Structure formats: C-alpha cells, structure tokens
Amino acid sequence: MIHLCPIADILPDQVEHLLDGAFGPDRKSRTAYRMREGVPAIAELSFAAVQGERLLGTIQCWPVVLLDEANGLTPITLVGPVAVDPAVQRGGIGQLLMTHMLAAAQSHSVKTMMMIGDPEYYDRFFGFKSAATQNWDIPGPVERNRLLARCNGAVDLPAYGRIIPHPAFATVPDFATQDTSA
C-alpha cells in the first residue's frame, strides 16, 4: 500500500537519489532550479509517496513571485519537481502526488501555481495551461508551451513580468496572505 507523507519525513539523501534517478544527475542545471534558487520548499505542499521503506515519488513546491512591469509582486507557487522512481513510473504515483498537493493547496487558499511540464498531461488532468505565461521572463530556456499556470478562483495574472524566487513566502500561511504592495 502506498502512503503519502510530508517530504520532511524522508531523508534528504533519499530524495536526492530519487531525483537523480528520475531526471538525471544534470537536473540542477535546468531552468526550474534557477527559478527557486535560494528559497526553501513550501513544507505544507511538499510530499513523498512511500511503500514500506521504499521511496516511490516526491512532489515539491516553492515560493516565487511574478515581478510585473510596475514592480508589483504576484505570489505564485512553483510546482515541481514531480519525481517518480523510474521502476514504477506510469503507475499513477505522480498523479496521486499531484492530486494530494492540489487538495493541500486549496485547503491553504493558494491562488496561483505554475510549473514546467507536459502541457497535454497537466492541462487534461490538473488544469495547468500555457496561455497566461507566454510573455513571462524566466531565468533560463524553456519551451513556451511547457511553462504552465493554474489559478484557483478569479485571479488576474499580469501578462508580462519576470519570475523570481521569493523567500518571504516560504510558508503557506504567509504565502497565501502576504501583502505584496510594499
């Protein structure tokens, strides 16, 4: 039986080993790593899937903001990586982790999320779309159709802006209610 738990319950070396297996040892050079550089993951939205003592998958979320042309800040939760042990990929573990994280995000009133991922999969199952992100500047290369966003409720996202890490939003309560007008 697969059990979901906070990723904090898993040894960091186990998580790193899983991520290397799922994405390769060069994974830290990817754009998604640059977007979250220097900030801790949001503990309330980061989970692990385990079976007995075996780590099967993880999902992590990170606090970033969209800095718009008027220097306004829109808090966004960066989703990913969603990693599954290659030996059990395509068995629904990633979907289980995403569904669990989205429920936790809703319970914490997280409004906006983004990720880099397969647009067909993440739109079909989870409502992540590329329409709002086409003119966002991010710190590295990305196929524009793979830069995806999802909003819970009515949220007006700026059409233009730059994604930057934001340590002030490291916990969900602060992230969900932070006054970004300063």
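From a predicted model like this one, the values you see are computed outputs, not experimental measurements.
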Would you say the side chain of [Y] lies within less than 4.5 Å of the side chain of [X], judging by non-hydrogen atoms?
X      : Y      : result
Ile116 : Met35  : yes
Gln95  : Phe125 : yes
Arg27  : Asp20  : yes
Ile76  : Ile163 : yes
Arg34  : Ile138 : no
Pro81  : Gln60  : yes
Thr133 : Met114 : no

Are any side-chain N or O atoms of [X] and backbone N or O atoms of [Y], one a donor and one an acceptor, separated by less than 3.5 Å?
X      : Y      : value
Trp136 : Pro158 : yes
Asn152 : Val110 : yes
Gln89  : Val84  : yes
Asp68  : Gly72  : yes
Trp62  : His166 : no
Thr77  : Met113 : no

Can you confirm whether [X] is buried at [atom1], in the sense that more than 12 heavy atoms of other residues, nucleotides or ligands lie under 6.0 Å from that atom?
X      : atom1 : value
Asp156 : CG    : no
Tyr160 : OH    : no
Arg162 : CZ    : no
Gln106 : CD    : no

Taking every non-hydrogen atom, the tightest pair across [X] and [Y]:
X      : Y      : answer
Glu44  : Ala104 : O-CB, 3.9 Å
Ala48  : Leu55  : CB-CD1, 3.8 Å
Asn135 : Ala159 : CB-O, 3.2 Å
Ala83  : Leu97  : O-CD1, 4.4 Å
Gly140 : Thr31  : C-OG1, 3.3 Å
Ser46  : Cys61  : OG-N, 3.2 Å

In Å, rounded to the nearest 0.5 Å, how long is the span from OG1 of Thr74 to CG of Leu67? 9.0 Å
Distance from Arg150 atom CZ to Asp123 atom CG, nearest 0.5 Å?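 The CZ atom of Arg150 sits 10.5 Å away from the CG atom of Asp123.
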Taking 4.0 angstrom as the limit, do Arg54 and Asp85 come out as a salt bridge? yes
One thing to verify: whether Arg146 and Glu120 come together as a salt bridge, which I'm taking to mean a side-chain N less than 4.0 angstrom from a carboxylate O.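 Salt bridge absent between Glu120 and Arg146.
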ring-ring contact (aromatic ring centres under 6.0 Å, His included): which pairs involve residues 1-59, sequence neighbours left out? Phe47-His100
Membership question, hydrophobic clusters at under 4.5 Å side-chain separation (ILVMFWY): are [Y] and [X] in the same one?
X     : Y     : result
Leu96 : Leu18 : no
Val15 : Val39 : no
Ile7  : Leu56 : no
Ile10 : Ile2  : no
Ile93 : Leu45 : yes

Please determine whether side-chain contact (heavy atoms from CB on, under 4.5 Å) holds for the pair Tyr121 and Phe126, giving the CA-CA distance in whole Å, both sets of side-chain angles, and the decisive distance to 0.1 Å. CA-CA 8 Å; Tyr121 177 81; Phe126 307 109; 3.7 Å; yes
Val79 and Met101: side-chain contact (heavy atoms from CB on, under 4.5 Å), yes or no, with the steps? CA-CA 9 Å; Val79 178; Met101 181 280 299; 3.8 Å; yes
